[in-house]
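In what follows, a structure is listed as structure tokens, so that the remarks can point back to it.
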There are 2 protein chains.
Amino acid sequence: MSEQALQYLTENRERLLEKLNHFLSIPSVSTDSVHKDDIKKAATFLEDYLNDIGFENVSQQDTGGHPLVYAEYNGAGPDAPTVLLYGHYDVQPVDPIELWDSDPFKPEVRDGRLYARGSSDDKGQVFMHLAVFEAIMKTEGKLPLNVKVCIEGEEEIGSENLYEILQEKKDQFQADFAVISDSGMVAKNQPTILYGLKGFTGIEITVTGPDHDLHSGMYGGAVRNPIIALSHILASMKDVDEVVTVDGFYDGIEPLSDEERKLIEQVPGEDFKAATGITETASEKGYTPKEHTMARPTFEVNGIYGGYQGEGTKTIIPTSATAKITCRLVPGQDPDTIQSLLEEHVHKVAPKGVTVEVVKERLSAKAYKVSPDHPLIQKAADSYTKAFGKETVYVRMGGSIPVVEWIEAIYKMPIVLLGFGTPEDRLHSPNESFPLDSYDKGMETLVYYWDSIKE
Amino acid sequence: MSEQALQYLTENRERLLEKLNHFLSIPSVSTDSVHKDDIKKAATFLEDYLNDIGFENVSQQDTGGHPLVYAEYNGAGPDAPTVLLYGHYDVQPVDPIELWDSDPFKPEVRDGRLYARGSSDDKGQVFMHLAVFEAIMKTEGKLPLNVKVCIEGEEEIGSENLYEILQEKKDQFQADFAVISDSGMVAKNQPTILYGLKGFTGIEITVTGPDHDLHSGMYGGAVRNPIIALSHILASMKDVDEVVTVDGFYDGIEPLSDEERKLIEQVPGEDFKAATGITETASEKGYTPKEHTMARPTFEVNGIYGGYQGEGTKTIIPTSATAKITCRLVPGQDPDTIQSLLEEHVHKVAPKGVTVEVVKERLSAKAYKVSPDHPLIQKAADSYTKAFGKETVYVRMGGSIPVVEWIEAIYKMPIVLLGFGTPEDRLHSPNESFPLDSYDKGMETLVYYWDSIKE
């Protein structure tokens, strides 16, 4: 079947790219309610496409939030395996818009890359799956396995409603295994099996002092400054050696073995400086940047604000200051425990004269790790190698995909992470893009993979 | 002369208050260009009023920014002393507007207080001077001394243009002494002579890491977080004992004598907790809140920002973080030296992997201190006591009025700070107000003061 489907993809390349561009041009930003109609439009695009391909029971399911696009293909018969395919059609906001070189919702090809919000995360990768299903259906008349498609519209805002639905509708989503394409390769054209993902949790700290902004001349010297208090708290949580200094934070983590250090060492490394513009990397003492990003937990302040932010000077002691913190966790760390440790630490070090409120992120996830030897993983590795002409590497990565942990926890099914993104895609940032050769070879990989499953 | 003038003020109280309300209803916010016409309106109000009273050479002088209202009264003759009266007609922004209980530009009396932006700082106090001049002119036909009126429209944005003009037009502003009513009393109805003001300086720190916001899962562990780096820098500048830990910061400061500590102790203290809503005061180790606010330098972070500030979570390592810092200085501290010390410290402690930029506040001022025994000060104290029926106290205060330092430095003339504000006025904050009995007694004080000068 592979050859005809690949030929179909080649012959229809221009038309399919146009169709993808149409999909990408819908500003399906999930976090902003002004885009509610666009979310609906993107879901309807998928609904129509799935119907056109020949899926059954295609629907936009009510989640309480943005709709979940669901569809089934049962034509492979009861003896064939069933895959649950997960993806998301919502995208991150585009701010700061002035840093984009082209309109984030007018896809544009420059230097072999398709620039658009969602081109890599995750509309582009979702589209590749549907185009491959179309190609197989058009050339073979049927798919080699049964498929349950689950494409949500709330991944970028935490997938909270999906979590409820996965727990409630167990029959609907039950399958033999799951495939998720919402990740990337360690380097462009370097086939990569992700066998570990980090977990995730977070807190928000608000330090409140006076009940109104105070004149710094009248009250400076009598009143604790909430921003300085927050700085002391944050500085006490991670030191300049990038070591998290919250008691118990590292408890229960399996030590990084020499073997795994070697595996990590062998992974073609991203040039962190070139990709990010930093002058020097910074990693946890005793670990290389690759080791830390892949296999050690992280602690980041994602945002901070308080007091006067305009131009020039306003001589106030502000009423409050807030910091948003998230951590990426590794196996052995429990998100709830970590949240409690962070909260206790904050209250312990908070200085007198201010009140400190800690709000815990509702959605957390444990880290995920599978055996690289699983047959479904091995078939994925072979398909990658066949399409990209290169040996597949096995890596753990710093990202978190909460749905991976949920599917594993609720359904106990193996999960194959078939990602095609590249480190240069600028996910969540201005100028997100996706390389068109990864798009082509990625679809080739999928054709080989579905073909290999029936064997 | 006093009695007739006081009677005039009583008889015309309602009309004058209406006139003041009209002045306060003009939203002369200097920092926001949408209020340019309002600034002009407020200046024109003053111009008209000064003409009506009988001042000469009344004009709105071009400053390059908002106009300076200038006027002269030379009718007291060449043998009478000349006073330079300084005030400002511009006001602070009103944000956050939702915290005001009434429209900041629709003056409203509640519980004996006049609520409006500028009622205390400084339109209300400027108006009191003009009303007193009106009362004396109407009842005596002339003022007991010559007057140069200088009311600027850029105090709340740093008085930068005034600084130039004071240097350029020395003949215009030269006088025998200056009077400024842009300050307050230590407690309502407690006559207060301000014999010391703090100086002022500031810097803005921007820590820059990656050249775009990074996905915290992909880069967390390889890249220094600019917000955490900034927190470490800030935490290293002032400790939890409220001691500034920048080398050399306290060098050259005259020690606080036991005598001065006693003077400060005797000043009726503000209830800092009640006035600000804090749970506990916080002051430099070894000093009381009153000692610190009045006589010790301060270090405040007025604002901070970086990364994601919206609702919920955005898992990024932000590209940068910025903090705005200002210090209030005491005699012995040189603003330029302090800026350099702060800058050196920041660069010294900045961690690797980020770049740190320090921008120095352009307008700084040294602290100001005069002898409480000066005859002009003693006359002011007597006038206060006569009007308020209470002994005058002598205090140093934490605020900075750069123009005080400039007038002293450029013109070497004695400066009398005749302030009538109260600690409850909420300057620069929502619900700014001014007590009407301070308004009445303040004008009485001015009548006595001008009367005493000719003696």
Side-chain angles (χ1 to χ4, degrees), chain A residues 198 202 209-225 227-228 231-232 234-235 238 240 272 276-283 289 292-293 296 298 300-309 313-317 321 324 326 328 351-353 361 398-400 427-429, chain B residues 198 202 209-225 227-228 231-232 234-235 238 240 272 276-283 289 292-293 296 298 300-309 313-317 321 324 326 328 351-353 361 398-400 427-429:
Chain A
K198 286 186 184 168
D211 58 16
H212 60 288
D213 288 351
L214 301 177
H215 191 292
S216 73
M218 293 170 67
Y219 296 101
V223 171
R224 183 82 68 184
N225 184 306
I227 298 176
I228 299 178
S231 298
H232 277 282
L234 296 177
K238 188 162 87 167
V240 288
F272 287 117
T276 67
I278 57 171
T279 53
E280 202 164 333
T281 59
S283 307
H292 193 171
T293 53
R296 294 288 297 174
T298 63
E300 302 294 349
V301 183
N302 311 118
I304 194 166
Y305 58 94
Y308 182 66
Q309 303 190 16
T313 300
K314 192 176 181 193
T315 50
I316 54 167
I317 300 173
K324 291 168 178 285
T326 52
R328 305 280 180 168
K352 289 177 184 175
E361 167 76 30
S400 319
L427 311 182
H428 297 201
S429 292
Chain B
K198 286 186 184 170
D211 57 16
H212 59 291
D213 287 351
L214 301 177
H215 190 293
S216 72
M218 292 169 68
Y219 295 101
V223 172
R224 183 82 68 184
N225 185 306
I227 298 176
I228 300 178
S231 298
H232 277 282
L234 296 176
K238 187 162 87 168
V240 289
F272 288 118
T276 65
I278 56 172
T279 54
E280 201 162 337
T281 58
S283 307
H292 193 171
T293 52
R296 293 288 297 174
T298 64
E300 302 294 349
V301 183
N302 311 117
I304 194 167
Y305 58 93
Y308 181 66
Q309 304 191 15
T313 299
K314 192 176 179 191
T315 50
I316 53 166
I317 301 172
K324 290 167 180 285
T326 52
R328 303 280 180 169
K352 289 177 185 175
E361 168 76 29
S400 318
L427 311 183
H428 297 202
S429 293

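Numbers restart at 1 for each chain; the letters A, B, ... are given by sequence-line order, proteins then strands. Everything quoted here is computed from the prediction, not taken from an experiment. Reckoned from all heavy atoms, side chains included, excluding hydrogens, waters and symmetry mates.
Within the model, atoms CD1 of B/Ile317 and CD1 of B/Ile228 stand 8.5 Å from one another, a figure rounded to the nearest 0.5 Å.
When B/Gly209, B/Ala321, B/Gly398 are compared by the number of non-hydrogen pairs under 4.5 Å with chain A, B/Gly398 comes out ahead. In terms of heavy-atom pairs under 4.5 angstrom with chain B, the leader among A/His232, A/Glu280, A/Glu361 is A/His232. Of all the listed residues (B/Pro351, B/Gly202, B/Ser283), the one sharing the greatest number of non-hydrogen pairs under 4.5 Å with chain A is B/Ser283. Contact count versus chain B (heavy atoms, under 4.5 Å) is highest, among A/Glu300, A/Met218, A/Lys352, A/Lys198, for A/Glu300. Top candidate by heavy-atom pairs under 4.5 Å with chain B, chosen from A/Pro210, A/Gly277, A/Ser231, is A/Ser231. In terms of heavy-atom pairs under 4.5 angstrom with chain B, the leader among A/Gly307, A/Gly221, A/Gly303 is A/Gly221. The choice from B/Ala235, B/Gly399, B/Gly306, B/Ala222 that makes the most heavy-atom pairs within less than 4.5 Å of chain A is B/Ala222. Per-residue counts of heavy-atom pairs under 4.5 Å with chain B were compared for A/Val301, A/Ile278, A/Thr313; the largest is that of A/Val301. Note: B/Ile304 leads B/Thr293, B/Ile304, B/Asn225 in heavy-atom pairs under 4.5 Å with chain A. Ranked by non-hydrogen atom pairs under 4.5 Å with chain B, the options A/Leu427, A/Thr279, A/Thr281, A/Thr315 are led by A/Thr315.
With a threshold of 4.5 angstrom between heavy atoms, A/Gln309 approaches chain B through its backbone and through its side chain. Interface remark: A/Arg224 contributes backbone and side-chain atoms alike to the contact with chain B (heavy atom separation under 4.5 Å). A/Lys238 touches chain B through backbone and side chain together, each having a heavy atom under 4.5 Å away. At a 4.5 Å heavy-atom cutoff, the contact between A/Thr326 and chain B is made by side-chain atoms alone. Using a 4.5 Å cut-off between heavy atoms, A/Tyr219 contacts chain B through both its backbone and its side chain. At a 4.5 Å heavy-atom cutoff, the contact between B/Ile227 and chain A is made by side-chain atoms alone. With a 4.5 angstrom heavy-atom cutoff, A/Ile316 touches chain B via backbone and side-chain atoms both.
Legend: residues meeting salt bridge (Lys or Arg N to Asp or Glu O under 4.0 Å) with B/Lys314, ordered by chain and number and at least two apart, are absent. Residues meeting the side-chain hydrogen bond (donor to acceptor under 3.5 Å, both in side chains) test with A/His215, sequence neighbours left out: none.
Remark: side-chain polar atoms of A/Asn302 are not paired, donor with acceptor, to backbone N or O of B/Tyr308 under 3.5 angstrom. Proximity of a side-chain donor or acceptor of A/His292 to a complementary backbone N or O of A/Thr298 within less than 3.5 Å is not detected.
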